[in-house]
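Working notes, beginning with the structure itself.
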Amino acid sequence: MKKASDNLSKIYVISTQYYIAETNLAYVMKGKQNKIVSMILKAALLATTLYGSIRTAETAWALVDIGVGIMGWFNLIAILILAKPASITLKDYREQRKQGIDPVFSPGKLGIQNADYWDEEYQHDQDKENVSQTKKSQLGLAFFSL
């Protein structure tokens with residue numbers, strides 16, 4: 001019974017890691033389907049699974065350590081790249097709080113480029129607020145005209 005549950009947990013881990021790799025690939029490729037890259041990913045998964053099944057656990061853990069180390073370096077590089085925009089954003093947040101207003105992140109105002117989501121989301125929120133204000137004022141006028 002223990003052997004069967006161990007095998008199921010291994011299958012779960014492999015399929016989970018494949019799913020994570022596939023979604024990361026889709027993110028990096030900006031949602032575009034690339035069959036060649038997808039096939040390379042699948043071949044790499046099969047090769048590492050085969051290699052891990054015929055080698056010792058020590059070798060498998062060594063490969064895991066190398067993979068985690070590479071991921072750590074990528075994360076450190078990303079942190080260094082994002083340090084300046086993050087500090088600018090934090091400074092703006094603190095200034096808005098000091099002024100007593102509800103902080104709003106506006107990357108365009110801060111000179112942060114390629115942050116289109118927040119500009120669009122902020123504009124969408126502003127449009128909804130304007131519609132809400134217009135409806136409230138129309139309701140108020142309708143109430144007073146009775």
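If you read the sequence from its start, that first residue is 1, and numbering goes on from there.
Applying the side-chain contact (heavy atoms from CB on, under 4.5 Å) criterion to Arg97, with sequence neighbours excluded, gives Tyr93, Pro103. Evaluation of the side-chain contact (heavy atoms from CB on, under 4.5 Å) rule for Ile101 yields Gln96, Gln99 as partners, not counting sequence neighbours.
The hydrophobic cluster of Ile79 has no other members, since no ILVMFWY side-chain heavy atom comes under 4.5 Å of it. Apart from Ile81 itself, the hydrophobic cluster it occupies contains Ile77, where clustering links Ile, Leu, Val, Met, Phe, Trp and Tyr at side-chain heavy-atom distances under 4.5 Å. Through direct or indirect side-chain contacts shorter than 4.5 Å among Ile, Leu, Val, Met, Phe, Trp and Tyr, Leu45 is connected to Ile14, Tyr18, Leu25, Met29, Val37, Leu41. Alongside Trp73, the hydrophobic cluster contains Leu76 (criterion: ILVMFWY side chains under 4.5 Å).
Atom CE of Met39 sits about 9.0 Å away from atom CG of Leu46, to the nearest 0.5 Å. Distance check, rounded to the nearest 0.5 Å: NZ of Lys84 to CD1 of Ile112 gives 10.0 Å. The OG1 atom of Thr89 lies 12.0 Å from the CZ atom of Arg94; values are rounded to the nearest 0.5 Å.
Between Glu22 and Ser38 there is a side-chain heavy-atom pair separated by less than 4.5 Å.
Both Trp61 and Val68 are members of a single hydrophobic cluster when ILVMFWY side chains are connected at heavy-atom separations under 4.5 Å.
For Asp92 (side chain) and Ile88 (main-chain N/O), no donor-acceptor pair under 3.5 Å exists by modelled atom type.
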